[in-house]
Every structure is written in C-alpha cells, then in structure tokens.
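Everything numeric here is computed off the predicted structure, so don't read it as measured data. Chain naming here is simple, since letters A, B, ... match the order of the sequence lines and numbering starts at 1 in each.
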2 protein chains.
Amino acid sequence: MKKCKLDLLILLARKGALSESILVSTSALSAEFGGSKDGISQQTVSRWLLELEDSDLIGRNGKRVRIESSGRQKIEEIALVAKESLAGKTAKPAECCDIKGKVASGFCEGKYYVALPEYKKQLASKLGFSPFAGTLNIRLSRSSDVERVRKLKASGGIETDEFVRDGRSFGRSKCFPVLIAGKIRGALIFPSRSHYGDEVVEVIAPVCLREKLKLKDGKEVSIRVL
Amino acid sequence: MKKCKLDLLILLARKGALSESILVSTSALSAEFGGSKDGISQQTVSRWLLELEDSDLIGRNGKRVRIESSGRQKIEEIALVAKESLAGKTAKPAECCDIKGKVASGFCEGKYYVALPEYKKQLASKLGFSPFAGTLNIRLSRSSDVERVRKLKASGGIETDEFVRDGRSFGRSKCFPVLIAGKIRGALIFPSRSHYGDEVVEVIAPVCLREKLKLKDGKEVSIRVL
DNA sequence: ATTACTAGTACTCGAGTAT
DNA sequence: TATACTCGAGTACTAGTAA
C-alpha cells in the first residue's frame, strides 16, 4: 500500500522523535520509503514534513524534528484502536456520549420543518414529545465532537419519513434523543439535506430552550446523547 | 489529516471485521469519514474497498467484508510500531538480519566495478578482503526483504570513494558485510547509480561464489547481514 | 435501496532547479 | 552538501448515473 503522511509520522516516532528532537534529512527519509521510484521522493517528504508542521503534528528547528502533543495523540489513538480491534473489541454503535458547543443563531431550517404539522406529528410519536416550534443551533467547539456527531449520524438514529405538501417534497430527517444541560429531554435533529456542515447541530425539545435555560448566543451548552 | 486507505482498513477492524464478516455499505463508511464534502465520498470508499480487495487485505462477499490475514498483519505491524515508539523504543539502525533470494544472471555492473584496480584496492582495505572479479546477483523473493534492504541502504554502510579513470568518472558504492549461505564472508555492494531496483542485490566475496557454493541460476541462497 | 462505471476536474507528485 | 520552490504530467477525486 502506498505510503502516506501518517506513515511518515509513524516513521519519525519509530526514530525516537516522540521523546526528543531528532536529526533527519528529507533524502534519508525518502530512501527509507524506497526512494523516488516506487517510493516517496525527497521533494514529497519535504512537502509532507511542511504539512505535518502546518497541522502542528510536528515541530522543526533546522534539521531537527520533534513530534508535538497532537502528533503523539494521533499515534496513541492509532495504537489504541489497533490494539482494541486486535483484541476483538468492536466500536459500539451510537453509545452514550457528551458533546459541548455554543449557542448560535442560524437559518433555523429545523424550525421550519418542526413547525410543519406532518413532521410535528411524526416527531411526537417517534420521540415521545411534541416539539416546540423552534430549534436551538449549537456550534460544536471540539473537533472530536464533530467526529462523534458524524459517527452518530452514520450509526442509525430515529428517522422521520419524507412527505409531499403543496407539491413540494420534504426530505427525511434523523433524530437522536438527548439530555440538554443535564435537565431537559430533547433531540438532535438532522434534516437529510442540511445547509450546515457537521460543526453545527440543531436541538429540539418540548419547550423553548432559549427561554427555559436563559440562553444567549455564545453561551456554552452541554448535550448528552442517550 | 486527510483520511487514506489505511484509515479505512483500521475502521473496518474497529467494526469487528477482524473476527468476522461484517455488513457495511460504502455510503455509511463514507459518512463516518465525514461525507463527501471535506471527507471521503461514497465512490472513493467503493474504489478503496476494491483496491484493498485487490491487495488481498480484505475479502468481500456481497455487502459483507472481512479482513484477511495480510490485512491483520498490517494492523498488527502498526499496533506494534506505535506501541514501541510510545514506549520509547527506537528502531536500531542496520541490525543483523537474514535475507533470502535466488541466484540470477544480470548486467554484472558490480563485476565491472570490482574489476577496476582503484575499487579493488579500496574494497580490500575497507572490507578486509580482496574481492573476486565477479558478482553474484540475487533476486530477493520476499518483499519484506526488499524493504529491509532499502532500510539498510538508508542506514549507512561502508562507502567507497568516487574516482576518475580515462576521463570517465566512477561513482560511489555502498557495501555491507554479510555471511553467504552461512559459510562465506562477503559483502553486498550497491553502486550509487544502479540499473537494478531494490529487488536485486549484488554480492561480492574473496572467492567465486558460483563455483564454491555450486550455484546455478534460480538456486536459493540465504544471506546474513552482519 | 445498493455498487461501481464514466467523465471531467482538482490535486498531488516528482524532475528540475534556486537558494 | 541541504531544503523547498515551480510547473507539467499523471493520479485520485467527486458528480452523475447505469446496472
């Protein structure tokens, strides 16, 4: 399998760059990858090192290279995942987890959807509560939470059906029951065709969350996925 | 850092594909990588799976995927390297190892070089023996040995100097002392500008190896790098 | 619903080379 | 020596879609 930046990071680790600043040259690293032909060229190693530096995975000082904490984290993550997989432990789908983010204003697509009686009815029966006609937008602060949300969306969840109203078709949405700020039961709602990336999530609840929790834009909120 | 095929393999492992055939879809895997935008598209996951299958790292049967032994080996390797690096163990340069290959005929560049008095003299003083005017070409059978040879070449070795003769310049070469077939001391020789890839190595010794070891093309020979 | 093909674009690579 | 830039060539990507 073709080598990649990750292989370079691991090679640096193997050479001891985790514990100290080590002396390397781009051409020597290239040679260890099998040279220019069929391997990785000196130029590419040079570029990869610059890119690893850009992402703060490594630090450089002249010809010395040292792996930074985020680089170490990456390697620890891989080691852990590989070890657990080999041991037969598999990732459990949609397990309970906590995510955090800040209240944000936004397009309120969710609000629009939730206000439609067809959806409201579906949500009430599938989630166990009748949603307030509005959504709370949360911008996730940690990139690990963005990752978590992606896995969550991929793992299943409660789906609402699509329907047609006034000749327009409304797509599906995925919901996940949550506990907001440790107090109020609600749900994350992801319209199937969202304008947001995964860094903003929409929360619905039986009540107006902004009022009940006295929230203003920018205030931090924690959400427990159940 | 951008995901790569290796990440896909690890993800499959994480989902339990090491111990059993698991049910996955290319779109779900794509979603776990963050979807099409900024992540990896369904089409790419499809292609990656086909490529992993081509390299025999995974096996597929309809929508079921299972990691094959070479895929498991890959993951074990990563787990080991990552673990050792984190534990502070660094890779030792040019350690003693055994490589194997079959006798091959070839261009005999080495023979030409070795026959030159300037080289012969240098080799005699640097290697401790006066080389027979001929080389034995060995085609490595295991790809892991090719890898080993690359690392070897990158790690240092004994270098001969370049020189000029009859207005033509002759480049450097790198040598590594070895024990051939467990009996004869010699050296691997790598001219700096070789016509071979790393899958063929040239061996020199104080004697004619073909005669002494009664070798014919295709016969397997083991070489211990000292 | 799926997988994976084709087509066209975008990105990455490495040769050459400046520094 | 070394690193890292430019740029043309080739690879890998995604959108669209067929099966």
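- Atom pair A:L50:CG and C:dC13:P shows a separation of 13 Å (rounding to whole Å applied).
- Computed from coordinates, the B:L49 CG to C:dT2 C1' distance equals 13 Å when rounded to whole Å.
- To the nearest angstrom, P of C:dT2 lies 11 Å from CG of B:L29.
- A side-chain hydrogen bond (donor to acceptor under 3.5 Å, both in side chains) with B:E32 is found for one member of B:K15, B:R14, B:K3 and no other, namely B:K15.
- The nearest whole Å value for the distance from the CZ atom in B:F33 to the P atom in D:dA12 is 17 Å.
- A:S46 comes within 4.0 angstrom of a base, heavy atoms only.
- B:T135 places no side-chain N or O within donor-acceptor distance of the main-chain N or O of B:I204, the cut-off being under 3.5 Å.
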Item to check | Contact letters for nucleotides 13-19 of chain D, in which S counts primed atoms plus P, OP1 and OP2 and B counts the base, heavy atoms under 4.0 Å | outcome: BBBB---
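- Using modelled atom types, one finds a donor on one side chain and an acceptor on the other under 3.5 Å when comparing B:T26 with B:Q42.
- Using a 4.0 Å heavy-atom criterion, one finds that B:S25 contacts the sugar-phosphate atoms exclusively.
- Look at CD on B:E159: it is 13 Å from C1' on D:dT1, rounded to the nearest Å.
- When the side-chain contact (heavy atoms from CB on, under 4.5 Å) test is applied to A:E20, the partners found at least two apart in sequence or on another chain are A:I22.
- Under the salt bridge (Lys or Arg N to Asp or Glu O under 4.0 Å) criterion, B:E84 pairs with no residue at all, not counting sequence neighbours.
- A close approach under 4.0 Å does occur between a side-chain nitrogen or oxygen of B:R60 and OP1 or OP2 of C:dA4.
- Side-chain atoms of A:S70 come within 3.5 Å of backbone N or O of A:D56 as a donor-acceptor pair.
- The CG-C1' distance, from A:N61 to D:dT3, rounds to 14 Å in whole Å.
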